[in-house]
Amino acid sequence: MLATEINREKTISKLIATKDFLQVEWEDGVKSEFYYLWLRDNCPATPRVNCQRTTDPLNIPAESYPEKVSLNQNKKVEIVWANEGHVSEFEPSWLRNRGYAPAKTAQSGLPRLWGASKANAIARADYQQVLQDEAKLRDWLLAVRDEGIAILENVTTEPGKILEVASAIGCVRPTYWGSCNDIKSIANPETDAFTNLRILPHTDLSYFAAPPAYLIFHYLQVAEIGGENTLIDGFKVAEDLRQQAPEKFKLLSTLPVEFRFQHTDADLVGLGEIIHLDSSGAVKSIRFSSRAIQPFNFAPAQIKPYYAAYRTFLEMCNSDEYQLRIKFKAGDFVVLDNHRLLHGRTQ
């Protein structure tokens with residue numbers, strides 16, 4: 001989606017060149033360390049095209065170390081590299097953003113978690129205004145990134161309009177179901193999405209090796225009775241589960257399960273943890289569908305505790321504390337983060 005720089009206009013109070021690292025002390029007491037090869041490898045003077053390097057990293061000396069380190073007259077960190085005479089200049093804000101210091105917590109772009117009370121606070125924007133104002137489009141996209149959902153209102157209810165709007169904000173990824181499909185009640189459906197039945201909370205295409213990151217729904221016609229959408233912030237559920245039942249959280253985030261979809265011309269299988277963590281232990285994505293999940297294939301001693309964790313996750317997703325219910329209207333264009341939000345509907 002969007003990449004933004006963290007606003008850290010901090011002043012450097014001291015530079016210390018050690019054997020392997022440059023130590024930076026900041027005016028607010030934070031200390032950062034930067035490995036010399038890392039600094040040389042990320043020199044701002046490295047030729048780039050559209051942010052991508054055009055040079056071979058192996059041309060940089062493996063034993064890069066500075067001959068001189070200083071704050072120059074432009075208040076940049078200037079490094080003269082030994083044995084090659086190359087000079088690098090680093091903006092203090094650039095270094096601060098990448099310092100991995102303990103105080104680095106107020107980042108933009110962190111998920112804003114929410115529960116059932118979110119219904120009246122979903123980010124909304126008028127379609128025509130967003131088309132004409134890049135600042136409003138940016139704010140709307142930031143809401144998708146940070147909250148996992150945002151709505152464009154008053155999009156004309158023309159079949160196929162969804163592809164036109166979607167292509168204006170990102171790349172459309174065709175799947176087994178095509179670039180888009182009509183969700184309506186039909187005879188002999190391939191899945192219960194094409195019925196008027198209740199659908200339990202789930203993420204879409206859990207049976208893909210790599211489920212798509214974002215889903216878009218464009219409401220052309222809405223039933224007068226029933227058909228409310230249910231939305232759950234999976235990140236909020238996961239974090240609360242981590243705090244309330246850490247052993248259950250551990251099972252759901254370490255044991256992969258299989259999801260599957262079979263039809264006359266398809267047999268699709270995806271494998272992954274219900275709660276997927278990144279290398280730092282933060283929740284990175286949710287993969288869940290009680291419809292597509294297959295029999296658990298764990299050691300016997302793990303089956304009983306896993307079922308307890310699985311059922312707790314289900315209960316949380318279906319509870320009034322987490323489940324937001326909302327009925328969208330014709331013309332609403334809704335973007336969901338499919339790696340974060342579970343969605344379903346009432347009958």
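- Note on ring orientation: taking the six-membered ring where Trp is involved, the planes of Tyr35 and Phe21 are tilted (angle from 30° to 60°).
- Looking only at atom types and distance, the side chain of His343 has a donor-acceptor partner in the side chain of Asp204 under 3.5 Å away.
- Taking 4.5 Å as the limit, some side-chain heavy atom of Val30 sits within range of a side-chain heavy atom of Arg96.
- In this structure, the side chain of Asn338 engages the main chain of Pro212 through a donor-acceptor pair within 3.5 Å.
- Remark: side-chain polar atoms of Arg325 are not paired, donor with acceptor, to backbone N or O of Gln323 under 3.5 angstrom.
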Derivation of the side chain to side chain contact (heavy atoms under 4.5 Å, CB included) call for Ile151 and Tyr219: CA-CA 11 Å; Ile151 302 169; Tyr219 290 82; over 6 Å; no
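- For the residue pair Glu89 / Asn72, a side-chain donor-acceptor distance below 3.5 Å is found, with atom types taken as modelled.
- Taking the side chain as every heavy atom from C-beta outward, Phe261 and Leu205 never approach each other to under 4.5 Å.
- Between the side chain of Trp114 and the main chain of Glu147, a donor-acceptor pair closer than 3.5 Å is present.
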Intermediate values then yes/no, side chain to side chain contact (heavy atoms under 4.5 Å, CB included), Leu252 and Lys248: CA-CA 6 Å; Leu252 295 182; Lys248 292 180 178 180; 5.6 Å; no
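- In terms of modelled atom types and a separation under 3.5 Å, the side chain of His218 and the main chain of Leu163 share no donor-acceptor contact.
- Counted within 6.0 Å of CG on Asp320, heavy atoms from surrounding residues, nucleotides or ligands total 12 or fewer; the atom is thus considered open.
- Side-chain contact of Asp126 with Asn154: a donor-acceptor pair under 3.5 Å is present, judged by distance alone.
- The environment of Lys284 atom NZ is sparse: at most 12 non-hydrogen atoms of other residues, nucleotides or ligands sit within 6.0 angstrom.
- A salt bridge links Glu153 with Lys329: at least one charged nitrogen is closer than 4.0 Å to a carboxylate oxygen.
- With a 6.0 Å radius and a threshold of 12 heavy atoms from other residues, nucleotides or ligands, Arg112 has its CZ atom above the threshold.
- Arg40 is listed as a side-chain neighbour of Glu84, based on a closest heavy-atom distance under 4.5 Å.
- Judged purely by atom type and a 3.5 angstrom limit, Asp41 has no side-chain atom pairing as donor or acceptor with the backbone of Leu37.
- Judged by distance alone, the side chain of Tyr36 and the main-chain N or O of Thr18 form a donor-acceptor pair under 3.5 Å.
- For Phe217 and Phe328, the ring centers are positioned 6.0 Å apart or more.
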Side chain to side chain contact (heavy atoms under 4.5 Å, CB included) between Arg53 and Asn42, worked out: CA-CA 10 Å; Arg53 309 176 198 211; Asn42 289 287; 3.2 Å; yes
Test salt bridge (Lys or Arg N to Asp or Glu O under 4.0 Å) applied to Glu247 and Lys250, step by step: CA-CA 5 Å; Glu247 289 305 313; Lys250 183 177 180 180; 5.1 Å; no
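- Checking Trp81 against Ser64 by side-chain atom types alone, no donor-acceptor pair falls below 3.5 Å.
- Dense packing is recorded around CG of Asp20, with more than 12 heavy atoms of other residues, nucleotides or ligands lying under 6.0 Å away.
- Separation of the Phe34 and Phe90 ring centroids does not fall under the 6.0 Å cut-off.
- Here the side chain of Thr203 pairs no donor or acceptor atom with the backbone of Arg287 at under 3.5 angstrom.
- With salt bridges taken as basic N to acidic carboxylate O contacts below 4.0 Å, none links Arg145 and Asp337.
- Trp38 and Ile79 fall within a single hydrophobic cluster, where Ile, Leu, Val, Met, Phe, Trp and Tyr are joined by side-chain heavy atoms under 4.5 Å apart, directly or via other members.
- Classified by interplanar angle (parallel below 30°, tilted 30° to 60°, perpendicular above 60°), the ring pair Phe288/Tyr310 is tilted.
- Dense packing is recorded around CG of Asn59, with more than 12 heavy atoms of other residues, nucleotides or ligands lying under 6.0 Å away.
- Side-chain atoms of Asn318 come within 3.5 Å of backbone atoms of Leu314 as a donor-acceptor pair (strictly under, hydrogens ignored).
- Using modelled atom types, no side-chain atom of Asn74 and backbone atom of Lys76 make a donor-acceptor pair closer than 3.5 Å.
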